[in-house]
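Every chain is numbered from 1, with letters handed out A, B, ... down the list of sequences.
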Number of protein chains: 2
Amino acid sequence: MTTREPDAGHAGASRGGAAAPRVRLVDVAREAGLSKTTVSAALNGTGRLSPAVREKAVETARRMGYRPNATARQLRAGRARLIGYVVGEFAGEPWTYLDSPYFAQLTGATSAAALRHGYALVMLPAGTLQREWADLPLEAVIVADPVEDDPLVEDFLAARIPVFSDASVAGREGAHWVDLDTDAAVRECLEHLRAGGARRTALVLPDSTTRFHRQMLAAYRAWCAAHGAEELVTLVPEPGNGPVVRAVERALTAEPRPDGLFVVAEASPPLVMDAARRLGLAAPRDVRVVCVSEDESAAHADPPVSTLSLRPVEVAEKGMALLVAALEGGSSTPPGVLLTARLEVRASS
Amino acid sequence: MTTREPDAGHAGASRGGAAAPRVRLVDVAREAGLSKTTVSAALNGTGRLSPAVREKAVETARRMGYRPNATARQLRAGRARLIGYVVGEFAGEPWTYLDSPYFAQLTGATSAAALRHGYALVMLPAGTLQREWADLPLEAVIVADPVEDDPLVEDFLAARIPVFSDASVAGREGAHWVDLDTDAAVRECLEHLRAGGARRTALVLPDSTTRFHRQMLAAYRAWCAAHGAEELVTLVPEPGNGPVVRAVERALTAEPRPDGLFVVAEASPPLVMDAARRLGLAAPRDVRVVCVSEDESAAHADPPVSTLSLRPVEVAEKGMALLVAALEGGSSTPPGVLLTARLEVRASS
DNA sequence: GTGAAAGCGCTAACAG
DNA sequence: CTGTTAGCGCTTTCAC
């Protein structure tokens, strides 16, 4: 069988839709009157070649528009420098998670960090099936916010693909994690509100089984118990600004009325302040407010809203450093990293 | 040289950090007492095999935890089903673009659509260099919102990688596009505002050279000219809620005051209404407002804000359909597709 | 019905 | 200093 028969046409200008056969290393070598090895070495700056030969190889390659076949290199190298990226939380709605500024920033920062380390990130929509990623040469996978006993995590681990996620995967073989110190975060917020005078701080929390939300609730309860404060929890039945706003209204119309509000549910901060205003409450005079949010609009609301940042950019960068260390540095890497959230105090509290 | 010498250890349980050598097709074949061919056929359901043999092959593969090497398959297949995805607009800030709900939805919907068609999307942060994607076996690349004469687009085209983008690339060899009918969109908004009674509608627009923004401005001017209306344009010097809010304030304090406001700059709709309220203006009584936005918070603002949706999900899906057709269907695909924006009328107008 | 062998495009030993 | 050769792991004609 001659080498290139199956392909579209010969080297000449293909007129129709048939793509011109891509020029290979061997084509360049033949044209330059050199061997594959020499050309390869010249292009990769690898071997010891005479400047004249190297120049000739490089020039010929350039002239012929040669581009190395990435797949062949990957096969040769035994690795593809490809990392999968999934967000587990909203498995029902395959793409909506990016609407959340937290995940938007996490995703963007992760892909940037990956590229800086020489890896590319492939986006796997939540709910992706095994057979959809099985054809990808993934070296590792990042699962942001997995649900409890996430089947995705199980599948990747079973396939011996290292998983990078939050602390819910801690202790499993091949699993690494980056997580937030939620206890410290909740404590800082509640004590900040208390220092401002709040004695009854209500919590607005999604009715979800995400690890993060469960931990925030537990930390809130622990803090209340430790300080003899009454637990005031309003659950948000589903994601979205509407449900959160209604929950805020419910929380603020309880009797006796809370004088502190800690909104952990993802919502537009200006809308939270709108809700308070509609109830005739001014912040921070009547109620001191802190929202968990990465939404930049918080700083421009009226009044500007204090936020607790979950630091997606730092999470992404620490996570990628951990991933690269684990993938390349051998086995002596720590299994996980704990980060601290950051409270941005603004006028609302 | 024996085949597997370079690898970590032998088949036995590797104790240290050394990864267990992955099981290959040939290992399964040997274990099952069959040939590579037979096992391959069995696993792919390809050849004509006796049920017994097929069963044996499949069972052995399962037992040994065999997973095909994706890279080898890709090399064999001659394609990797990988598509690059870049957002060109904010080349200065490598990740912030996802903060915008439009791009967030576009990105998510694109990756979902890609996977549905059997392709995976690799995220290339804005500002990615040639040498960073050259090692990826990309079959095509999607460039959302390229800047004028985007070097990224030039590089991809020069590398003979098909580019899918907006209409600014129209007419170039290997370039395909999906775009919005901005004329129709602007007309619909301005006529809607006018029908509500607005006689002086101001435009708030980013001071950017993005094709979209230039077209919106041109369409606004054309409409004003055609209707004998005065042009009232306020430019936003840089992205972000703060600058947009200040521009809105400037626009609304002009003399004589506008009675219509068309905000094309990306901002949190509740903040726009806050700005109007601070100036003592009620919508729609004093000023009728339409914002270009995909932000769900618009529907919950006080009053709810009318929005012009650029339909990122539809753009993503049409674009992916076009891409797949061009990549697989041959050459008879249209070069581009034009979509219509959607005006969501709410109380603010 | 089953298996041997070629080869996808590249890089890295090893001769010359 | 350069070229020949052996594979990376898989699929697929083509003989048997």
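Asp135(A) places its CG atom 14 Å from the C1' atom of dG9(D), with the value rounded to the nearest Å. Look at NZ on Lys36(B): it is 8 Å from P on dC10(D), rounded to the nearest Å. In this structure, the CD atom of Glu55(A) is 17 Å from the P atom of dC1(D), given to the nearest Å. Residue Leu49(A) contributes atom CG, which lies 13 Å from atom P of dT11(C) at whole-angstrom precision. Spacing between atom CZ of Arg76(A) and atom P of dC8(D) amounts to 9 Å, rounded to whole angstrom units. Rounded to a whole Å, the CZ atom of Arg67(A) is 11 Å from the P atom of dC10(C). Rounded to an integer number of Å, the gap from Asn69(B) CG to dG7(D) C1' is 14 Å. Look at CG on Leu25(B): it is 13 Å from P on dC8(D), rounded to the nearest Å.
Leu75(A) comes within 4.0 angstrom of a nucleotide base, judged by non-hydrogen atoms across all strands. Looking at heavy-atom distances under 4.0 Å, Thr37(B) makes contact with a base. Across all strands shown, Arg48(B) has heavy atoms under 4.0 Å from base atoms, whether or not it also approaches the sugar-phosphate.
Listed nucleotides: dT12(D), dG3(C), dT11(C). Nearest to the side chain of Leu34(B): dG3(C). With dG9(C), dC10(D), dG1(C) as the candidates, the nucleotide lying closest to the side chain of Tyr66(B) is dC10(D).
Contact annotation: Ser40(A) does not reach the phosphate of dC10(C) (side-chain N/O to OP1 or OP2, under 4.0 Å). The shortest distance between the side-chain N/O atoms of Thr38(A) and the OP1/OP2 oxygens of dG3(D) is below 4.0 Å. One finds a side-chain N or O of Arg73(B) lying less than 4.0 angstrom from the OP1 or OP2 phosphate oxygen of dT11(D). Dashed line: the shortest gap from a side-chain N or O of Ser50(B) to OP1 or OP2 of dT2(C) is under 4.0 Å. Within the structure, a side-chain polar atom (N or O) of Asn44(B) is placed less than 4.0 Å from OP1 or OP2 of dT11(D).
Judged by distance alone, the side chain of Arg22(A) and the main-chain N or O of Arg67(A) form a donor-acceptor pair under 3.5 Å. Here the side chain of Glu328(A) pairs no donor or acceptor atom with the backbone of Ala325(A) at under 3.5 angstrom. Although no hydrogens or angles enter the test, the distance criterion places a donor-acceptor pair under 3.5 Å between the side chain of Asp179(A) and the main chain of Ala167(A).
If Thr71(A) and Thr46(A) are placed on DNA chain C by their nearest nucleotide, the residue sitting closer to the 5' end is Thr71(A).
Side chains of Val53(B) and Leu34(B) form a contact here, defined as non-hydrogen atoms less than 4.5 Å apart.
Of all heavy-atom pairs spanning Gly118(B) and Arg81(B), the tightest one is O-NE, 2.8 Å.
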